[in-house]
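Residue indices begin at 1 and follow the sequence shown. Keep in mind the model is a prediction, meaning the values are calculated, not measured.
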Amino acid sequence: MSDSVKAKDKNGTKERTDMEMQGVAKHFPMFMRRGTQHFVVGLWRFYVGLVARTSKIEFHGIEQIDENRMLGFWHEDSYCMQFVLRELQRKYNKFVHVIVTSERRGDYIAEMVSHYGGAPMRLPDGMKMRSFLKDLKEESKKESMTLAAAMDGPSGPYRKPKRLLFMLAHEAEKAVVYVRFQKKGMITLPWRWDKYRIPLPFTKLICNIDYFGQIEKDELRNFDEYAKSKFGDIISEV
């Protein structure tokens, strides 16, 4: 083999090595992000288990969470909803689909939801939203579908319910149930728009599930009045 061919092979090897290194560098940040995500979610899961083992958790009306129901909750209770999913999985073997934002923080939430027997449905932004909503409407009509969503999510305004969950319930002819948590024994993060709440260990956590029933067309058309009739006291606190 001539020196020119050897030089060519050496250069080719070097080029391939550089390309491989570039590929590693390209994917390394994603690897780090996933590693961080798994670590953080692992801590969250450990903490959920700690609270569950050391606290008294009461579920009032959890029988209302049945197939063909739509679950509405406030975004501030997103962490507390893990206890609901955990209870439904462990004692009732029930499966809930949960609408989750497509933003980066949604990756963490989706992993938590999946761990506790839920099925995350990522809510996209921009042009993909129309296609997603079309598919979501069809999915929500299935008899086996139980869907949960933060009524004021994914980015507020705080405790201002949006029409999405109620519109889906109306078109699917399914009842809405309202999941809420009492404030005792929680840490509130006041700097966040949703005033995110995290329950404390060695305390008492009370979850109330109220049955709202099916949504009529007139109620959906006059949604602000409907929301005031259902959440008046809570909305007035904002």
Side-chain angles (χ1 to χ4, degrees), residues 44 48 51-52 57-89 92 94-101 103 105-106 108-110 112-123 136 140 145-170 172 174-189 192-199 205-213 215 223 226-235 237-238:
W44 285 358
V48 168
V51 174
I57 305 177
E58 296 181 358
F59 298 93
H60 299 161
I62 197 168
E63 68 278 357
Q64 301 292 351
I65 302 178
D66 203 350
E67 291 185 352
N68 299 322
R69 296 283 166 88
M70 301 287 188
L71 281 60
F73 59 94
W74 300 117
H75 201 277
E76 66 191 88
D77 290 326
S78 298
Y79 195 95
C80 295
M81 281 297 296
Q82 306 302 325
F83 294 94
V84 177
L85 296 178
R86 183 176 183 271
E87 183 76 359
L88 291 173
Q89 180 194 49
Y92 301 94
K94 291 182 179 179
F95 189 72
V96 178
H97 291 73
V98 184
I99 297 179
V100 178
T101 178
E103 296 178 2
R105 58 190 172 91
Y108 296 78
I109 300 170
M112 284 285 287
V113 167
S114 298
H115 177 74
Y116 289 111
M121 304 180 71
R122 306 303 293 271
L123 183 65
L136 183 58
S140 63
M145 168 71 81
T146 301
L147 182 66
M151 295 179 292
D152 55 348
S155 56
Y158 175 63
R159 283 189 180 176
K160 183 174 177 59
K162 298 177 181 178
R163 291 164 49 96
L164 176 60
L165 183 73
F166 300 88
M167 176 193 69
L168 294 173
H170 171 70
K174 295 183 179 181
V176 173
V177 296
Y178 170 40
V179 183
R180 55 192 175 90
F181 296 83
Q182 293 187 4
K183 290 184 178 180
K184 295 180 180 179
M186 293 199 192
I187 298 175
T188 301
L189 308 184
R192 287 184 42 140
W193 73 264
D194 59 356
K195 300 180 183 179
Y196 197 75
R197 302 192 296 178
I198 303 173
L205 180 64
I206 299 177
C207 173
N208 295 296
I209 299 98
D210 300 323
Y211 179 79
F212 280 4
I215 309 301
F223 185 70
Y226 172 80
K228 289 179 181 178
S229 69
K230 295 296 185 182
F231 310 107
D233 294 340
I234 293 178
I235 294 175
E237 295 175 3
V238 179

*Asks:* Does H75 offer a backbone N or O that forms a donor-acceptor pair with the side chain of D152 under 3.5 Å?
*Replies:*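 Yes, D152 side chain to H75 backbone: donor-acceptor pair under 3.5 Å.
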
*Asks:* Is M70 close to S140 at the side-chain level, that is, under 4.5 Å between some pair of heavy atoms?
*Replies:*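 Result yes, sub-4.5 Å side-chain heavy-atom pair found.
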
*Asks:* Under the ring-ring contact (aromatic ring centres under 6.0 Å, His included) rule, what do F166 and Y226 come out as? Steps first, then yes or no, please.
*Replies:* CA-CA 10 Å; F166 300 88; Y226 172 80; 5.8 Å; yes

*Asks:* Assess whether side chain to side chain contact (heavy atoms under 4.5 Å, CB included) is satisfied between M186 and L205, documenting all intermediate values.
*Replies:* CA-CA 9 Å; M186 293 199 192; L205 180 64; 3.3 Å; yes

*Asks:* As a quick check of understanding, evaluate side chain to side chain contact (heavy atoms under 4.5 Å, CB included) for W44 and Q82, giving each step before the final call.
*Replies:* CA-CA 10 Å; W44 285 358; Q82 306 302 325; over 6 Å; no

*Asks:* Output yes when a side-chain donor or acceptor of K162 lies under 3.5 Å from a complementary backbone atom of G153, and no otherwise.
*Replies:*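 Yes: the side chain of K162 pairs with the backbone of G153.
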
*Asks:* Return the set of residues passing side-chain hydrogen bond (donor to acceptor under 3.5 Å, both in side chains) with Y116 (not counting sequence neighbours), or none when no residue passes.
*Replies:*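 Y116 satisfies side-chain hydrogen bond (donor to acceptor under 3.5 Å, both in side chains) with no other residue.
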
*Asks:* Not counting sequence neighbours, which residues clear salt bridge (Lys or Arg N to Asp or Glu O under 4.0 Å) with R163? List them please.
*Replies:*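 If we apply the salt bridge (Lys or Arg N to Asp or Glu O under 4.0 Å) test to R163, skipping adjacent residues, there are no hits.
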
*Asks:* For D66, is there any backbone N or O sitting under 3.5 Å from a side-chain donor or acceptor partner on T146?
*Replies:*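 Yes; at least one donor-acceptor contact below 3.5 Å.
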
*Asks:* Return the CD to CZ distance between Q64 and R69, rounded to the nearest 0.5 Å.
*Replies:*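 Nearest 0.5 Å value for the CD-CZ distance: 6.0 Å.
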
*Asks:* Considering residues at least two apart in sequence or located in another chain, which fulfil the salt bridge (Lys or Arg N to Asp or Glu O under 4.0 Å) criterion with D210?
*Replies:*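 With sequence neighbours excluded, D210 shows a salt bridge (Lys or Arg N to Asp or Glu O under 4.0 Å) to R180, given in chain and number order.
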
*Asks:* Would you confirm whether Y211, through its side chain, and G61, through its main-chain N or O, come within 3.5 Å as a donor-acceptor pair?
*Replies:*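 No; zero donor-acceptor contacts below 3.5 Å.
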
*Asks:* Looking at residues at least two apart in the chain, or sitting in another chain, which of them share a salt bridge (Lys or Arg N to Asp or Glu O under 4.0 Å) with D194?
*Replies:*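 Counting only residues at least two positions away or on another chain, D194 forms a salt bridge (Lys or Arg N to Asp or Glu O under 4.0 Å) with R192.
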
*Asks:* Which residue pairs pass the salt bridge (Lys or Arg N to Asp or Glu O under 4.0 Å) test with at least one member in residues 70-87, sequence neighbours excluded?
*Replies:*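 For residues 70-87: E76-R159, E76-R197, D77-R197, E87-K91.
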
*Asks:* With a 4.5 Å limit on heavy-atom distance, are the side chains of I99 and L164 in contact?
*Replies:*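 I99 reaches L164 side chain to side chain.
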
*Asks:* So how far is it from C80 SG to W74 CH2, rounded to the nearest 0.5 Å?
*Replies:*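 CH2 of W74 is found 15.0 Å from SG of C80.
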
*Asks:* Which atom pair, heavy atoms only, marks the closest approach of M121 to L136?
*Replies:*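 Where M121 meets L136 most closely, the heavy atoms are CE-CD1, 3.5 Å.
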
*Asks:* So, using side-chain hydrogen bond (donor to acceptor under 3.5 Å, both in side chains) as the criterion, who are the partners of H115 when residues are at least two apart?
*Replies:*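 Only R45 meet the side-chain hydrogen bond (donor to acceptor under 3.5 Å, both in side chains) criterion with H115.
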
*Asks:* Does NZ or CZ of K230 lie under 6.0 Å from the centre of the six-membered ring of Y178, at an angle within 45° of the ring axis?
*Replies:*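 No; the conditions do not both hold, so K230 does not lie above the ring face of Y178.
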
*Asks:* Hey, what do you get for CG (L189) to OH (Y79), rounding to the nearest 0.5 Å?
*Replies:*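 Result: 11.5 Å between the selected atoms.
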
*Asks:* If you look at every heavy atom in V51 and P199, which pair is closest and at what distance?
*Replies:*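 Minimum heavy-atom separation between V51 and P199: CG2-O, 3.9 Å.
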
*Asks:* Between V48 and F83, which heavy-atom pair has the shortest distance, and what is it?
*Replies:*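 Result for this residue pair: O-CE2, 3.5 Å.
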
*Asks:* Is any side-chain heavy atom of I62 less than 4.5 Å from a side-chain heavy atom of L88?
*Replies:*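 A side-chain contact exists here, since the closest heavy-atom pair is under 4.5 Å.
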
*Asks:* Is there a side-chain contact between V84 and F181, using heavy atoms and a 4.5 Å cut-off?
*Replies:*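 A side-chain contact exists here, since the closest heavy-atom pair is under 4.5 Å.
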
*Asks:* Are the side chains of I57 and C207 in touch, meaning some heavy atoms are under 4.5 Å apart?
*Replies:*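 With C-beta onward as the side chain, the pair stays apart.
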
*Asks:* Mind listing the closest non-hydrogen atom pair of N208 and H60 along with its distance?
*Replies:*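 Taking every non-hydrogen atom into account, OD1-ND1, 3.2 Å.
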
*Asks:* Kindly compute the distance separating CG (L71) from CD1 (I65), expressed to the nearest 0.5 Å.
*Replies:*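 The distance works out to 4.5 Å.
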
*Asks:* Is it the case that the side chain of K184 and the backbone of I206 share a donor-acceptor pair, with hydrogens and angles ignored and the cut-off at 3.5 Å?
*Replies:*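 Absent.
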
*Asks:* Please examine the side chains of W193 and P157, heavy atoms only from C-beta on, and report whether any two atoms are closer than 4.5 Å.
*Replies:*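 Of all side-chain heavy-atom pairs linking W193 with P157, none is under 4.5 Å.
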
*Asks:* What closest approach, in Å, do P161 and F223 show between heavy atoms, and which atom pair accounts for it?
*Replies:*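 Looking at all heavy atoms of both residues, the shortest contact is O-CE2, 3.4 Å.
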
*Asks:* For a quick test of reading the model, state the closest non-hydrogen atom pair linking A110 to V100 and the distance between them.
*Replies:*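 The pair with the smallest heavy-atom distance is N-CG1, 4.3 Å.
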
